[in-house]
Every structure is written in structure tokens, then in C-alpha cells.
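All of these numbers come straight from a predicted model, not from anything done at the bench.
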Amino acid sequence: MDHYKVLGLHKTASKEEIKAAFKKLAFQFHPDKHSQSPKSVKDSATLRFKQVSEAYEVLMDDRKRADYNYRWRSGQQSGGGGNGKYYSQYGYGYGRSGRSYEYKTRSGFGGGGGGGGFASKFELAFRILTARSSLLNLGFAAAILGVMIVIDTSGESLWKMQNSGLVL
């Protein structure tokens, strides 16, 4: 499922355009609006509402959108199979499990279903190292290391100043 097609948008759509398209379609397919409709119409509207909601959730979050665009592009270039596309219970997309989002592929969890090659492992390592928490931890560690170097250097300088006249 292409989230942009679900919302009727181009891939360069702004957040305002995404929000407007979502509001329009969510109102059109909301389950409460179809509560008195026949079962087939109600089920169809409910499914469309879930797809629209999922598309909105992915496209409004900058990180999820970038990841989705990357995955979609990779899937299209490799022949359009299930390799680069994620699915949830409603079709392709993101699934939610536990406390964090998991990326699901047709062959299981993780890197794109390509057998866990070097590229997927490299991508996983890149994602971990560029995560905000990793960068914050790295910055904190660098600050501590810098302070340790300054203290060590100043300690040596003080020792040399105090003991410059001693002959051993």
C-alpha cells in the first residue's frame, strides 16, 4: 500500500497538505459516519479509515516518513517485490508492537528480508549510531573525555611547575 496514494497526494506533499487530505478522508470514512450502513459498506469504510490513519501517522512523523520513502524507493528499484516494503495488519505500512515500532517485512522482522546481508547489517548499525540517544551519549562521553584530558594536562603542568628545581 502506497501511503501517498491512500491520501491522494504527491511524494513532495507538505505537512499541511497531508493534514488536510487526512481530515477530508477521515471524515469521509469514519466508522461512526457509517454505523447505519450495510455491513459490507461499514467494513470497507473501516478498512479505508484505518489505512488513511496509518498513512497519516507515517507521513506526519519526519523520521517515519524518511524511512518509508527510503524503503519504498528501495522496493521499487529492486523489482517492487516485498523486499523493501513493510506491512501491518491492514496491508503495507508500519506495525506497532509493545512499546516501540517494529519494522515488519514479509520474511520476518528487521532489514528488508534480503537474508541479513552486509548492507542490512550496515544499515542497522548506522541507524543505531545516528539515533538521538546514541548521539547524546556520544556527546556526553566526549565531554567527559575532554574534561579528563584537561584535568590530566593541568595536573602535569602543576607538578612540573612545583618540581622544576628538583634534581633526581
Side-chain angles (χ1 to χ4, degrees), residues 1-140:
M1 171 177 74
D2 183 356
H3 292 315
Y4 293 101
K5 283 185 182 177
V6 168
L7 295 176
L9 298 170
H10 191 266
K11 299 211 184 300
T12 59
S14 68
K15 285 192 174 193
E16 291 79 26
E17 293 171 320
I18 294 169
K19 193 174 207 175
F22 169 72
K23 283 183 178 182
K24 177 184 163 198
L25 292 171
F27 180 75
Q28 181 180 350
F29 295 112
H30 197 279
D32 291 345
K33 186 174 181 181
H34 296 280
S35 62
Q36 303 300 322
S37 301
K39 182 169 174 36
S40 63
V41 173
K42 187 184 339 180
D43 290 345
S44 175
T46 301
L47 177 63
R48 283 282 290 158
F49 180 76
K50 289 177 181 178
Q51 290 172 339
V52 166
S53 297
E54 182 178 322
Y56 176 76
E57 181 182 338
V58 170
L59 297 180
M60 284 301 285
D61 183 300
D62 292 334
R63 180 175 274 175
K64 290 180 196 173
R65 184 175 182 179
D67 186 52
Y68 172 78
N69 288 340
Y70 173 76
R71 293 287 180 188
W72 187 256
R73 220 174 13 254
S74 297
Q76 295 292 43
Q77 290 172 353
S78 66
N83 268 357
K85 302 175 189 171
Y86 297 115
Y87 70 93
S88 71
Q89 60 187 348
Y90 313 118
Y92 288 106
Y94 286 80
R96 179 146 170 88
S97 172
R99 285 186 236 135
S100 63
Y101 282 93
E102 292 180 352
Y103 304 123
K104 300 176 182 177
T105 63
R106 289 208 179 264
S107 65
F109 294 98
F118 175 75
S120 63
K121 290 177 184 172
F122 178 76
E123 180 183 353
L124 178 63
F126 182 73
R127 283 173 173 262
I128 290 170
L129 292 175
T130 58
R132 181 181 293 176
S133 60
S134 294
L135 293 174
L136 288 172
N137 288 337
L138 184 62
F140 184 67

**OP:** Please lay out, stage by stage, how Lys33 and Phe27 fare under the test side-chain contact (heavy atoms from CB on, under 4.5 Å).
**Re:** CA-CA 8 Å; Lys33 186 174 181 181; Phe27 180 75; 3.9 Å; yes
Subject >> Presence of salt bridge, Asp2 and Lys11, under 4.0 angstrom >> reply: yes
Subject >> Gln51 side, atom CD; Thr46 side, atom OG1 - distance, nearest 0.5 Å >> reply: 11.0 Å
Original post:
Taking the inter-plane angle between the rings of Phe49 and His30 on a 0 to 90° scale, is it parallel (under 30°), tilted (30 to 60°) or perpendicular (over 60°)?
Top reply: perpendicular
Original post:
Where does the angle between the aromatic ring planes of Tyr56 and Phe22 fall among parallel (under 30°), tilted (30 to 60°) and perpendicular (over 60°)?
Top reply: parallel
**OP:** Kindly determine whether His3 and Glu54 satisfy side-chain contact (heavy atoms from CB on, under 4.5 Å), including the steps that lead there.
**Re:** CA-CA 8 Å; His3 292 315; Glu54 182 178 322; 3.6 Å; yes
Original post:
Counting only heavy atoms not in Lys15, do more than 12 fall under 6.0 Å of its NZ?
Top reply: yes
Subject >> Minimal non-hydrogen separation, Val6 against Leu25, with atom names >> reply: O-CD1, 3.4 Å
**OP:** Rounded to the nearest 0.5 Å, what's the gap from CZ on Arg48 to CD on Gln28? Could you check?
**Re:** 7.5 Å
Original post:
What's the verdict on side-chain contact (heavy atoms from CB on, under 4.5 Å) for His34 and Val41, showing C-alpha distance, side-chain angles and the deciding distance?
Top reply: CA-CA 8 Å; His34 296 280; Val41 173; 4.1 Å; yes
Subject >> Heavy-atom side-chain contact between Thr12 and Tyr4 under 4.5 Å >> reply: no
**OP:** Indicate whether any N or O donor in one side chain lies under 3.5 Å from an N or O acceptor in the other, for Asp61 and Tyr68.
**Re:** no
Subject >> Under-4.0 Å salt bridge between Lys39 and Asp43 >> reply: yes
Subject >> Met60 vs Arg65 side-chain heavy atoms within contact, under 4.5 Å >> reply: no
Original post:
Which value, rounded to the nearest 0.5 Å, describes the distance between Lys42 atom NZ and Asp32 atom CG?
Top reply: 10.5 Å
